[in-house]
Chemist: 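Here it is, the structure, as structure tokens.
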2 protein chains.
Amino acid sequence: MTADGTVQQTVTGCNDALAFNVFSRDCPSRETLSDITGRWGPLALTALLENTLRFNELRRRVEGVSEKMLSQTLQSLERDGLVHRTAQPTNPPRVDYTLTPLGEEVARRLMDVIELVQTRTPDIEAARHRYDAERGC
Amino acid sequence: MTADGTVQQTVTGCNDALAFNVFSRDCPSRETLSDITGRWGPLALTALLENTLRFNELRRRVEGVSEKMLSQTLQSLERDGLVHRTAQPTNPPRVDYTLTPLGEEVARRLMDVIELVQTRTPDIEAARHRYDAERGC
DNA sequence: CGGGATCCGAGACGATACTG
DNA sequence: CAGTATCGTCTCGGATCCCG
């Protein structure tokens with residue numbers, strides 16, 4: 001980073017007291033945020049809010065996600081301690097995904113966002129048409 | 001969800017009654033969701049929750065965002081009717097960004113998510129270290 | 001100051017094939 | 001079933017230059 005070694009502005013970063021610093025460049029909470037607000041994060045988390053699901057159940061529930069991305073998403077969420085993974089070495093294998101307590105809190109709040117967006121979709125689509133009409137023509 | 005307990009399949013899309021279908025592949029609410037949960041969406045929205053800001057004020061508040069991405073983000077949000085843009089043709093020009101009522105609701109809920117993540121960051125980091133320790137070694 | 005236009009690399013993402 | 005590995009595409013996103 002620092003070619004000359006000088007820059008590194010003593011990153012007290014985002015741990016300043018109670019300061020609310022997702023806005024800070026290097027705050028680890030920003031990384032977490034990108035995990036849970038990533039393309040598939042919110043959908044996976046809220047899907048698990050309803051019940052424990054197996055890998056392919058989850059995959060069917062979240063339409064359009066590829067195996068690879070679901071796998072990646074779940075790994076990130078497991079690493080962050082939001083999702084718990086239980087593998088049974090049976091044949092065929094069975095793996096269950098559950099929310100941890102923290103994951104449940106996060107998921108519930110994400111659900112609030114999604115629910116709001118969902119119910120206000122008509123307004124949003126109207127706004128889009130207005131915007132496009134003014135600019136497009 | 002449905003009164004009779006049947007699973008409300010027949011994916012006509014996501015406008016089925018009150019069905020909760022961000023999970024549906026082509027639901028427009030999913031597009032909106034990606035706008036507000038994009039990389040810079042949550043930060044821009046919650047920054048505007050505090051006050052009205054001008055372009056470069058916003059840019060300084062949200063550390064690390066490039067002009068291009070901030071511009072794009074704001075345009076998406078304006079199109080969705082979440083952000084209001086006021087341009088004054090003075091010299092130098094002055095452009096203010098504000099939340100619409102709907103934008104404020106969304107931002108408030110996003111703030112709840114961010115606040116939670118922020119306060120639980122220690123737990124999350126601990127979980128990460130545990131995860132990495134088990135796997136990495 | 002508040003952007004738009006362009007170029008370019010890195011990484012996200014999807015499809016497919018393969019493993020245990 | 002539950003993934004991993006590989007590969008190709010394509011978008012995201014930063015850097016730069018420019019304009020009103």
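What you are looking at is a predicted structure, and each value in this text was computed from that prediction instead of being measured. So you know, we letter chains A, B, ... as the sequences are listed, proteins then strands, and number each from 1.
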Chemist: In whole Å, what is the span from the CG atom of B:L70 to the P atom of C:dG4?
Modeler: 11 Å
Chemist: How long is the line joining CE of A:M69 and C1' of C:dT16, in whole Å?
Modeler: 16 Å
Chemist: Under 4.0 Å between a Lys/Arg side-chain N and an Asp/Glu carboxylate O for A:D132 and A:R130?
Modeler: no
Chemist: State the CD-OH distance between B:E78 and B:Y97, to the nearest 0.5 angstrom.
Modeler: 7.0 Å
Chemist: Starting at the 5' end of DNA chain C and moving along, which residue's nearest nucleotide shows up first, A:E67 or B:L74?
Modeler: B:L74
Chemist: Within less than 4.0 Å of OP1 or OP2 of D:dC12, is there a side-chain N or O belonging to B:R39?
Modeler: no
Chemist: Rounded to 10°, tell me the angle between the two end axes of the helix from C:dC1-D:dG20 to C:dG20-D:dC1, each built from five pairs.
Modeler: 50°
Chemist: Would you say A:S71 places a side-chain N or O within less than 4.0 Å of OP1 or OP2 belonging to D:dT4?
Modeler: yes
Chemist: Distance check needed: D:dA2 P versus A:Q72 CD, whole Å only.
Modeler: 18 Å
Chemist: Any Lys/Arg nitrogen of B:E115 or A:R109 sitting under 4.0 Å from an Asp/Glu carboxylate oxygen of the other?
Modeler: no
Chemist: Between the side chains of A:R128 and B:E31, is the shortest nitrogen-to-carboxylate-oxygen separation below 4.0 Å, so that they form an ion pair?
Modeler: yes
Chemist: Toward the 5' end of DNA chain D, which comes first, A:K68 or A:R60, by nearest nucleotide?
Modeler: A:R60
Chemist: Distance from A:T37 atom OG1 to A:R30 atom CZ, nearest 0.5 Å?
Modeler: 11.0 Å
Chemist: Quick one: pull up CG in B:L58 and CZ in B:R61 and give me the separation to the nearest 0.5 Å.
Modeler: 9.5 Å
Chemist: Considering every strand and a 4.0 Å limit on heavy-atom distances, what is the contact class for A:R59: base, sugar-phosphate, or nothing?
Modeler: nothing
Chemist: Just the rounded figure in Å: distance from P of C:dG3 to CD of B:E57.
Modeler: 12 Å
Chemist: Any carboxylate oxygen within less than 4.0 angstrom of a Lys/Arg side-chain nitrogen, looking at A:R108 and A:E104?
Modeler: yes
Chemist: What residues from residues 88-97 of chain A pass a heavy-atom cutoff of under 4.0 Å to DNA chain D?
Modeler: A:P92, A:P93, A:V95, A:Y97
Chemist: To the closest 0.5 Å, what do you measure between NE2 (B:H84) and CG (B:L48)?
Modeler: 12.5 Å
Chemist: For the backbone of B:T52 and the side chain of B:T98, can you confirm whether one donor and one acceptor N or O come within less than 3.5 Å of each other?
Modeler: no
Chemist: With a cut-off of less than 4.0 Å, is there a side-chain N or O of B:Q75 near OP1 or OP2 of C:dG4?
Modeler: yes
Chemist: Can you tell me the distance, in whole Å, between the CZ atom of A:F55 and the P atom of C:dT19?
Modeler: 19 Å
Chemist: Please check the phosphate of C:dG3 (OP1 and OP2 only) for any side-chain N or O of B:R85 closer than 4.0 Å.
Modeler: yes
